[in-house]
Structures are given as C-alpha cells and as structure tokens.
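Please read all numbers here as calculations on a predicted model, not as lab measurements. One is the number of the first residue; the rest follow in order along the sequence.
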Amino acid sequence: MGFYLNSKKPGLLFGECATATYFVDKSAILKDLIPLVESVQPSEQASAPLRGKGDKYICITRPRRFGKTVMANMISSYFGKGADHSKLFDTLAAASAPAYKKHLNKHNVIHIMLNEMPDECTSYKEYISRIKNLLMEDLTRAFPDAGIHKKDALWDALNKIIEFGDGEKFIFVLDEWDFIFHRSFITKDDQASYIGFLSSLLKDQPYVEFAYMTGILPIAKYSSGSELNMFFEYTMAGKEKYGSYFGFTDEEVDLLFDRYQSLESAPRVTRKGLKLWYDGYETLSGRRLYNPRSVTGALNDNQLGSYWTSSGPYDEIFYYLEHNVAKMRDDIALMVSGTPVSANIQEYAATSMNLTTRDEILSAMVVFGFLSCKDGMVSIPNLELLNRFADMLQKEPSLGYVHQLAKASARMLKATKDGDTKTMSKILEYAHHTESPLLCYSNEAELAAVIRLVYLEARNTYQIEREAKAGTGYADFLFYPKHTDDDCIILELKVNSTAKAAIQQIKKQNYALKFLGELGAQPVYTGRILAVGIAYQKKDNKHRCLIEVLRERI
C-alpha cells in the first residue's frame, strides 16, 4: 500500500459515504466497468457485449457536485488491493455483477486526486513533481526487485515492473483531471506538458489494465488531437451512457425523501421543495437529475436553501459574462424571468479562458452546471441557481437595465403590499422604456418575463409559481409566503385590457381557494390574500395596476 498505489484513502472515504444517512447506491456502474478490465474474458461476462482493448480508457465529465469524486473512490475501493472491502460491497448493487467476487480487491489501483497540490504551490513544476515523486516512492516500495531507479520516468518504472518484476498491471483512477488548467499560474506550455505527461503515462502502455478519468471539461478541449485520443468521453449533454450514475434521479430522491420523513420528527422540507430547488438537469435521453450534494444537504439540515459552494465573486457566474456583458443582458434577463434562450452549445469551447462569443459563454455555463440545456435551449435549472443569478443582478451595475430592474424589485414588492399602485406603475414604466427588445409586450408571456424581474426580491420571502392551477383555472402568478402569516399574492396580467378585468378574473375563477385550504380546516396561511391586476395598453403605452384585498389577516 502507498500514497497513490492501493491506497487506503479511497476506501475510507467511500466507507464514510456509504454509511451516511442519505446514501444512494450507484455501485451498479461496476457492472458496466468490470467488462472493460483487460483481464476479463468474454466467457466470464456472458451478458456483456464483446469489447476491444481500446474501450478500457474512459473519461466521464460532469459539473461540480455531481458525485464524480464519490464514484472515483468507489471504483478504487472495489478494484484495489489496499484492503478487503467485501463487507462494504456485498450489500450493494455491485454484488450482483457476474464477476463481482473475481475482481473484488484483486487489482493494483493507482488512484490520484489531481486536485491536490503541494503546500503553497506556485508553479506547474511543483505540482507535477509532487505527483511523480509520490508515485515513484510507491512503486519502488511495492516492487523492490524491479530495478527501478530514482531518475526513471514513471512510465519506465511501470514498464520495468512488467518486464523484470512480477508482470503486474495497473488500473488508473484519475479524479478531477482538468483541475490544474484553472490555476492562475498555469501557462499554455504547462497545459501542453501536462497533456504530454498523461499521454506518456497512459497511452499504448502494456501495464494499463483500465483507465478511468473524471473532470469537468472534456479532454478534447485541451488535447490537440492524438495525445489522449484513446479515451472514450462521456459528457452529460453528449452521451447517454453512465448518465444516471451521476446526479440523483426522481426515483432516488423519492426514496431519500421517504427515509427523511421516517427519521425527522419535525420535517420542514417538502418533496415539492426538493424539486423546485435542486431539480432541472437532464441526461441526454431526458431523464431528470437533481444535484446530489444539495439534496443531501437539505435533508441533513432539515432546511431548503443554497448548498452551492462559492469560490469567487457571484460564485463565478459573472466571470463567464464579463467579456460580453452588453450582448448577454437580454439573455440573462429572459432566463431569470423563466424563459429559455436558444444557444449552440459547444462543449469543447467551454474553457475558463478566452470566452468572447455568446455561445462560448453559454457553453461554459452549461458545462460548469450554472445552466441546463435541452433541445438547443438553455435555462437556469432550479431555484438554487436562480438565487445565484439574482444576487449577481442586484450587485453588478455593468448589467445595466437588468441590474436596475433587479434593484427596483424590493420597492415593487413593498409597493404591492402597501397598495401603492402609483409606485408599481412607475417601476413598470421604467422597465418598458429600457432598450431591451424583450420588453416589447407583444403578448402576456413577455409581460410575465418583466414581472419576474421586477419581483425578483420576492424570491427571498415567497415561492412564486407561474401559470399555477388554482380554483377553476390557472393564475398567472401565485406568491406563496414562506412565513404563513405574511400576505398571499395572486397576480393576473392583461395586455390591451384593464387591471379591473384581471381582478374580476381572479375572483370569478376562485384563485384564492389555493390559499384558503380545506373547508372547515384551520387555514395554513393567516395573512391577507391580495388580488393584484396589472394591465398594459399598447394604444397609450401605459401600465395600470389595481389591488384588492380578498381576505384580511386572520
């Protein structure tokens, strides 16, 4: 055992994860990976398709917090000789694989977490020297008779083990392969050297039994062609295979929520809330995915909220916009208002440097998990990310009119509660007289986009639903207060009609029933119920607002 070779670390980490309260068993991926190990013969995997040796190199890329490291630890724990993990895996889905016992802790595994650096690292040389030195120490200690010298290249040392040692092969598990590209001290020459290092270590080497690599960005972004072309790449937007192993599916979140309800004496998280906050991603086939770290965080804390780890201003969102802010304003405004925008997602253009075009910026934001993509349209996936965008809009003046609308949203909510329709109309007038083409108001959907912006601040105290089923129809907007004694708001929009007509529709369709609850039961919401009508007339370019209290505070 060593620092990288057959290390105890992956097993210890995966063991902690597997015994956690809200663990989801993704070990079934081993049923797909075991046939890729070179020593497995087709006869031993009757149910698996016949595969060539080239298939033993795979790279799976996903956004942050989608379980890549947990999976890498699990794979190393299963194959590696570092410890006997039969008690851990015998109860998991992997145990039903045909060759499960044959390969459990029977292989040499070199597991490298490539996001680990030397203390106070300031150069690529320091970074890569640490990896080379630690792995060389492991090999020299484990194979003392192979004739390894300190000055040998790693690939020479590994080939000596094949030629002069025990002839053993190695499984490589490389986690966060692209981490180093995002360090400020890394140059283009350093990038080329790093790609060359990985190529020399892995490509066409007889000691490689299987190579599994993870990261955020696809290899093809950085590899110019032949260096790492032996890898089969699997991205969220590009290939379906392995899709359900990263992120939580609806069915898995259902099981976790049932477990949560049975364990929590006073549950404050709802199943609907989990979907609203953390759903929104998809596999290529359209299967829904939740962010796993956020779901488990909410259930453990018994509280919905943001679990996105901040690592820079506005959580790096603005970083991907700063080169093209002016042209991106309308896109951001539309997405924050809940309207998807079209984009040509180019996964291989999604690097953290030299982003200049709209499609490059949107591509980067999809790859890094800030946006989701479906059928050529991108959108903000869930409330957790919407809050990050909203924070950016309210803090970043360079976003121009979008920033101004977001800043005005606190006044808009207060004016609504105060019945100050004059202030409401002034804010809407300001919105309409900006330079944005999305505010041309050709229909109620475009007016609704503006409404989402001017009520952006309300997200902090309300859950807002668009076109929500209520009474005998569908309300344009329902504002559910997070504090049950706060005002409930029903908002109806009209273009080329009147605010009075909007109020009449709210009352006729009995939208207020959504807040009144079951007949005879204690009301859930005890605050006022406000009917808000907002109308826009094209003939005079005027907004008119009307507010009526449907029920006073209980």
side-chain hydrogen bond (donor to acceptor under 3.5 Å, both in side chains) between Glu429 and His543: does it pass, once the steps are laid out?
CA-CA 7 Å; Glu429 290 297 321; His543 299 78; 2.8 Å; yes
Decide yes or no on side chain to side chain contact (heavy atoms under 4.5 Å, CB included) for Leu114 and Ile180, but give the supporting numbers first.
CA-CA 8 Å; Leu114 292 164; Ile180 196 60; over 6 Å; no
Kindly determine whether Tyr525 and Asp487 satisfy side-chain hydrogen bond (donor to acceptor under 3.5 Å, both in side chains), including the steps that lead there.
CA-CA 8 Å; Tyr525 301 102; Asp487 292 335; over 6 Å; no
Run the side chain to side chain contact (heavy atoms under 4.5 Å, CB included) test on Thr498 and Arg544 for me, step by step, so that the C-alpha distance in whole Å, both residues' side-chain angles and the decisive distance to 0.1 Å come before the verdict.
CA-CA 7 Å; Thr498 66; Arg544 293 172 175 85; over 6 Å; no
Go through the steps to decide whether Val524 and Phe515 satisfy the test side chain to side chain contact (heavy atoms under 4.5 Å, CB included), and finish with yes or no.
CA-CA 7 Å; Val524 175; Phe515 298 116; over 6 Å; no
One pair to check against side-chain hydrogen bond (donor to acceptor under 3.5 Å, both in side chains): Asn387 and Glu384. What are the steps and the verdict?
CA-CA 6 Å; Asn387 286 341; Glu384 183 178 38; over 6 Å; no
What verdict does the side chain to side chain contact (heavy atoms under 4.5 Å, CB included) test give for Arg411 and Thr423, after you've listed the backbone C-alpha separation in whole Å, the side-chain angles of each residue and the deciding distance to 0.1 Å?
CA-CA 8 Å; Arg411 290 194 296 123; Thr423 296; 4.2 Å; yes
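Within a 6.0 Å sphere centred on CZ of Arg65, other residues, nucleotides and ligands contribute more than 12 heavy atoms. Annotation for Phe185: atom CZ counts as buried by contact number, over 12 foreign heavy atoms lying within 6.0 Å. Heavy atoms from other residues, nucleotides or ligands lying under 6.0 Å from NZ of Lys275 number more than 12. Within a 6.0 Å sphere centred on NZ of Lys469, heavy atoms belonging to other residues, nucleotides or ligands number more than 12. Environment of NZ in Lys482: crowded, with over 12 heavy atoms of neighbouring residues, nucleotides or ligands closer than 6.0 Å.
Using a cutoff of 4.0 Å between basic side-chain nitrogens and carboxylate oxygens, Arg553 and Asp485 are not scored as salt-bridged. Ion pairing between a basic and an acidic side chain is recognised when a charged N comes within 4.0 Å of a carboxylate O; Glu548 and Lys507 show such pairing. Asp486 and Lys417 are joined by a salt bridge, as a carboxylate oxygen and a charged side-chain nitrogen come within less than 4.0 angstrom of each other. The pair Asp391-Arg459 meets the salt-bridge criterion, since a charged nitrogen lies less than 4.0 angstrom from a carboxylate oxygen. Looking at Asp250 and Arg271, a side-chain N of the basic residue comes within less than 4.0 Å of a carboxylate O on the acidic one, giving a salt bridge. Classification of Glu252 and Lys26 as a salt-bridged pair holds, one side-chain N sitting under 4.0 Å from a carboxylate O. With salt bridges taken as basic N to acidic carboxylate O contacts below 4.0 Å, none links Glu251 and Arg288. Glu552 has no carboxylate O lying under 4.0 Å from a charged side-chain N of Arg528, or vice versa, which leaves the two without a salt bridge. Under 4.0 Å is where a charged nitrogen must lie from a carboxylate oxygen, and between Lys414 and Asp418 at least one such pair does.
With Arg293 contributing its side chain and Phe66 its backbone, the two residues share no donor-acceptor pair below 3.5 Å. Judged by distance alone, the side chain of Gln505 and the main-chain N or O of Glu492 form no donor-acceptor pair under 3.5 Å. The backbone N or O of Thr61 sits nowhere less than 3.5 Å from a side-chain atom of Trp177 that would complete a donor-acceptor pair. When atom types are taken as modelled, the side chain of Thr339 and the backbone of Met335 share no donor-acceptor pair closer than 3.5 angstrom. Not one N or O on the side chain of Tyr260 forms a donor-acceptor pair closer than 3.5 Å with the backbone of Leu299. Without hydrogens or angle criteria, Ser372 side chain to Gly280 main chain gives a donor-acceptor distance under 3.5 Å. At distances below 3.5 Å, not a single donor-acceptor pair connects side-chain atoms of Tyr278 with backbone N or O atoms of Thr296. Within the 3.5 Å criterion, the main-chain N or O of Arg259 finds a donor-acceptor partner in the side chain of Ser262. Judged purely by atom type and a 3.5 angstrom limit, Asn302 uses its side chain to pair as donor or acceptor with the backbone of Arg268. In this structure, Asn382 contributes its side chain and Asp279 its backbone to a donor-acceptor pair below 3.5 Å.
Aromatic ring pairs are classed by plane angle as parallel below 30°, tilted from 30° to 60° and perpendicular above 60°; the pair Tyr234 and Tyr242 is perpendicular. By the 30° and 60° cut-offs, the orientation of the rings of Phe181 relative to Tyr194 is perpendicular. Between Phe368 and Phe370, the ring-plane angle classifies as parallel under the 30° and 60° cut-offs.
Residues Leu289 and Gly243 approach most closely at CD1-O, 4.0 Å, considering heavy atoms. The nearest pair of heavy atoms linking Leu453 to Ser409 is O-CB, 3.7 Å. Here the shortest heavy-atom pairing between Pro340 and Met377 reads O-CE, 3.6 Å. The two residues Val24 and Leu256 come nearest to each other via the heavy atoms CG2-CD1, 3.7 Å. The shortest non-hydrogen separation linking Ala343 to Leu362 is CB-CD1, 3.6 Å. Considering all non-hydrogen atoms of both residues, Ala470 and Lys514 come closest at CB-CB, 4.1 Å.
Here the two rings, on Phe248 and Tyr290, have centers that are 6.0 Å apart or farther. Between Tyr455 and Tyr462, a ring centre-to-centre spacing not shorter than 6.0 Å is recorded.
In summary, the side chains of Tyr536 and Asn541 do present a donor paired with an acceptor at a separation below 3.5 Å, with no hydrogens or angles considered.
Thr69 is linked by a side chain to side chain contact (heavy atoms under 4.5 Å, CB included) to Asn73, Met113, Asp175, Glu176, counting only residues two or more places apart in sequence or in another chain.
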